[in-house]
Each structure stands twice: as structure tokens, then as C-alpha cells.
2 protein chains.
Amino acid sequence: MRIGVLAKAAGVSVPTIRYYESIGLLTPPARLGGQRIYGVEALNALSLIRHCRALDFSIDETRDILASVERRLPCSDTKSFAEKHLGAIRQKIAELRALEARVASLVSGCETTCCGSTAPDCVILQPGCGAA
Amino acid sequence: MRIGVLAKAAGVSVPTIRYYESIGLLTPPARLGGQRIYGVEALNALSLIRHCRALDFSIDETRDILASVERRLPCSDTKSFAEKHLGAIRQKIAELRALEARVASLVSGCETTCCGSTAPDCVILQPGCGAA
DNA sequence: GCTTGAACCTCAAGTGGCTTGAGGGCGTAG
DNA sequence: CTACGCCCTCAAGCCACTTGAGGTTCAAGC
């Protein structure tokens, strides 16, 4: 199949496929008249890549996962990738929740404290206020 | 003061200050012998920028906030920036929580279902599994 | 056989918010 | 006068693509 067909089948854009090839994530396919011709294994690989990216694995992590699939490594490897990733996600959530609390308290502080003053005096913008 | 002193006082790096100047976030200061000489107002501005960035406002949002401070706009403007930002933070948290649930269920699915199989067959990597 | 239009090709630059590095100039203390 | 630290500019790198320019190939209709 040609690149446009592959793109639709896998649900990614055509330039993205070429980008994945350029960084060595997809192996370069055969060419006919200069145009890329893909087989089913390319669709499988690309679908897996898309799955990993949808789970927010980085390109490098995705590369490692692809390698573990190609080498038929045990499932426990896959699980440890996912667990590590899960830890990163949870850490980011924790950071964002702390930030949320900080901004929320600044907003409510503004509502109660600086009623009707000007931006330079707003509690939201005071350097010390809401520091980590 | 010179750029290194300003950097330490405000808690940012020297290249960051030059970067902020290059994108028009900080106004270019006077020069002595080619070197930047800053006054106290630059420290105030840079501290405010740092505060906004620590609250994870984007550069563009920070630029708008700086403008509202310079124009002494009412505090309500500042609050609406913060509220909009808070909404964005909460949305990102919601997305990450959905992702967390997805990955967590894949991991536990791997533990219960695919005991000891290989990566290509692991439930974590099956395209349909855990889709949004 | 010729034309048209869609799909394909490569290469370069842009996104955000800096950081890092190369290669040099200025200022001051010994 | 030399050594050292601080300063300067400009360019490239990070991540994961997207967008655009300018040109080639393919399939279909006449």
C-alpha cells in the first residue's frame, strides 16, 4: 500500500510517517518509482507506535517497546515500561494538583482581599504569595 | 546593576534574561561599554515574570499580565487571567487522570490476564485495549 | 497520446521556552 | 601587563511533530 493508505489505516498523518522513518522508528520500505510501498507489517508497527503515543509514551520509550516486541521479550518487560510510565504520570498529576491549589488560593485571596484594586497590587501577582 | 547581579537577585539564569529581552518581554536596558546595566524596575519586572512562570503561565500570558500591570488595569483582569489558567490546569489534570486510569487498568490487566507471555501478545500493547 | 488532478517526493523552517556551546570583548586586581 | 571572571553575539539543540515551498509520479478521462 502507498503512504496515504497506510496513514488512513493507522490513523496518523502522512508527514508523521515520514518523520517516524527519518528518526529510525519505522524501517524504510521498498520504493516503486520513488514512492514508498508498505506491507502489512508496517501497518502493525505503525499501529503499535500510535497506541504507545496515545498512551503518552515518549518516542524513545516507544522505540524501546518496539524493540521488546521485535525480540519477543517477556511480557514483564512491557509491564515494567508501563509501570514506570504510570509513576511519571502520577507524579505529573501531583505537581499539577499542587499548582492548582496554589492558583486557586490566589484567586480566592484576590476575591476576599484585594477588592477592586489594580493589577500591580493584586495578591495574585505578589512575589511571595503562593510560592511553592 | 549588571546582568549577573540581576539574575541572582531574581533567581533566573543570565541567558534567560537575554532570551526574555530578545522576545520583547523585558525592555532593553541602557548599556555601558556594551554591557547591560539594569535599574530596580527591571528587577521588579523580572521578578513578576518569574512569578508568572512559576505559576506556569505561558510567555504570552505573562506578556499580557505584564501589560495589565503597566497599564494599572483593575485587579479583576488579573483574576480573570488566573481563573482561565486555573481552568486549563484542571483540564490537564482531568486528561492525565483519564490517562492514569487507562494505563493502570492495562497494567492490572497484564497481571491477571497475560501471565508470562511475550511482549507482542501482552494486553498492554493490544491496539483496541485501553482506547480512549 | 495528452492533460488534469491527486497523491507523492525532498528539504527547510516553525512551534515553546529555554539551554548549551563557540568564539570573542571588557573590567579589575595583583 | 597579565590573569581571571564576567560580559557579548550568534547558532544550534531539545521534543514531536506540522506547515510550506517547489517539484515528480500515477491513474483516469478524452
Side-chain angles (χ1 to χ4, degrees), chain A residues 1-39 42-43 45-66 85 88-89 92 95-96 99, chain B residues 1-39 42-43 45-66 85 88-89 92 95-96 99:
Chain A
M1 71 189 100
R2 292 199 299 173
I3 197 169
V5 177
L6 176 63
K8 271 194 185 159
V12 305
S13 75
V14 168
T16 296
I17 295 176
R18 289 196 276 250
Y19 168 70
Y20 286 161
E21 184 184 321
S22 79
I23 61 169
L25 197 57
L26 277 176
T27 58
R31 300 262 184 152
L32 257 180
Q35 303 197 354
R36 294 169 177 86
I37 303 296
Y38 295 94
L43 177 56
L46 188 52
S47 298
L48 180 53
I49 291 169
R50 181 171 138 77
H51 179 66
C52 290
R53 296 292 301 130
L55 293 178
D56 210 33
F57 283 102
S58 71
I59 292 285
D60 275 350
E61 288 165 334
T62 301
R63 201 189 304 269
D64 291 345
I65 291 170
L66 278 176
H85 186 47
I89 292 168
K92 191 164 277 181
E95 289 168 10
L96 279 179
L99 182 63
Chain B
M1 71 189 101
R2 292 199 299 176
I3 198 169
V5 177
L6 176 63
K8 271 194 185 159
V12 304
S13 75
V14 167
T16 296
I17 294 176
R18 288 196 277 250
Y19 169 70
Y20 286 160
E21 184 184 322
S22 79
I23 61 170
L25 198 57
L26 278 177
T27 58
R31 300 264 184 151
L32 257 180
Q35 303 197 354
R36 294 168 177 86
I37 303 295
Y38 295 94
L43 177 56
L46 187 52
S47 299
L48 180 52
I49 292 169
R50 181 170 138 77
H51 178 67
C52 290
R53 296 290 303 130
L55 293 177
D56 210 32
F57 283 102
S58 72
I59 291 285
D60 276 351
E61 287 165 335
T62 301
R63 201 189 304 269
D64 292 345
I65 290 170
L66 278 176
H85 186 47
I89 293 168
K92 192 164 276 179
E95 289 168 11
L96 280 178
L99 183 63

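Every value quoted in this text rests on a predicted model; they were computed, and no experiment measured them. All chains are named by letter (A, B, ...) in the order of the sequence lines, taking the proteins before the strands, and each is independently numbered beginning at 1.
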For [X] and [N], give me the distance from atom [atom1] to atom [atom2], rounded to whole Å.
X: A/I37; N: C/dA7; atom1: CD1; atom2: P; value: 15 Å
X: A/Y38; N: C/dA7; atom1: OH; atom2: C1'; value: 14 Å
X: A/I17; N: C/dA7; atom1: CD1; atom2: P; value: 14 Å
X: B/R18; N: C/dT19; atom1: CZ; atom2: P; value: 12 Å
X: A/K8; N: C/dC8; atom1: NZ; atom2: P; value: 9 Å
X: A/E21; N: C/dC9; atom1: CD; atom2: P; value: 9 Å
X: B/I23; N: C/dG16; atom1: CD1; atom2: P; value: 10 Å
X: A/R50; N: D/dC17; atom1: CZ; atom2: C1'; value: 15 Å

Identify which nucleotide among C/dT10, D/dC7, C/dG17 has an atom closest to any side-chain atom of B/Y19, counting heavy atoms from C-beta outward.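 Nearest to the side-chain atoms of B/Y19, counting from C-beta on, is C/dG17.
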Which sits closer to the 5' end of DNA chain C, B/I59 or B/R2, going by the nucleotide each is nearest to?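 Per heavy-atom nearest nucleotide, the more 5' residue is B/I59.
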Within 6.0 Å of CZ in A/R63, more than 12 heavy atoms from elsewhere: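 For A/R63, atom CZ is crowded (more than 12 foreign heavy atoms under 6.0 Å).
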Residues, nucleotides or ligands: over 12 heavy atoms within 6.0 Å of A/R50 CZ: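 No, CZ of A/R50 has 12 or fewer neighbouring heavy atoms, counting only those of other groups under 6.0 Å.
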Residue met sooner reading DNA chain D from 5', once A/L32 and B/R31 are mapped to nucleotides: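 Nearest-nucleotide comparison on DNA chain D picks B/R31.
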How do A/S13 and A/G33 order along DNA chain D: which one's closest nucleotide is nearer the 5' end?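 On the 5' side of the pair lies A/S13.
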Sugar-phosphate only, base, or nothing, as touched by [X] at under 4.0 Å among non-hydrogen atoms:
X: B/I3; result: sugar-phosphate
X: B/Y20; result: sugar-phosphate
X: A/R53; result: sugar-phosphate

Which pairs, with at least one residue in residues 12-22 of chain B and sequence neighbours excluded, count as a side chain to side chain donor-acceptor pair (under 3.5 Å)?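 Qualifying pairs, neighbours excluded: B/S13-B/T16, B/E21-B/R36.
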Do you know which two heavy atoms are closest between B/G4 and B/V14, and how far apart they sit?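 Smallest interatomic distance, heavy atoms only, reads CA-CG2, 3.9 Å.
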Ignoring backbone atoms, establish whether B/T16 has a side-chain N or O less than 4.0 Å from OP1 or OP2 of C/dT19.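 Checking C/dT19 against B/T16, a side-chain N or O does come within under 4.0 Å of OP1 or OP2.
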Does C/dA7 have OP1 or OP2 sitting under 4.0 Å from an N or O in the side chain of A/R36?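 For A/R36, the contact criterion (side-chain N or O under 4.0 Å from OP1 or OP2 of C/dA7) is not met.
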For the CD1 atom of B/I65 and the NE2 atom of B/H85, what is their distance to the nearest 0.5 Å?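 Spacing of CD1 (B/I65) from NE2 (B/H85) equals 8.0 Å.
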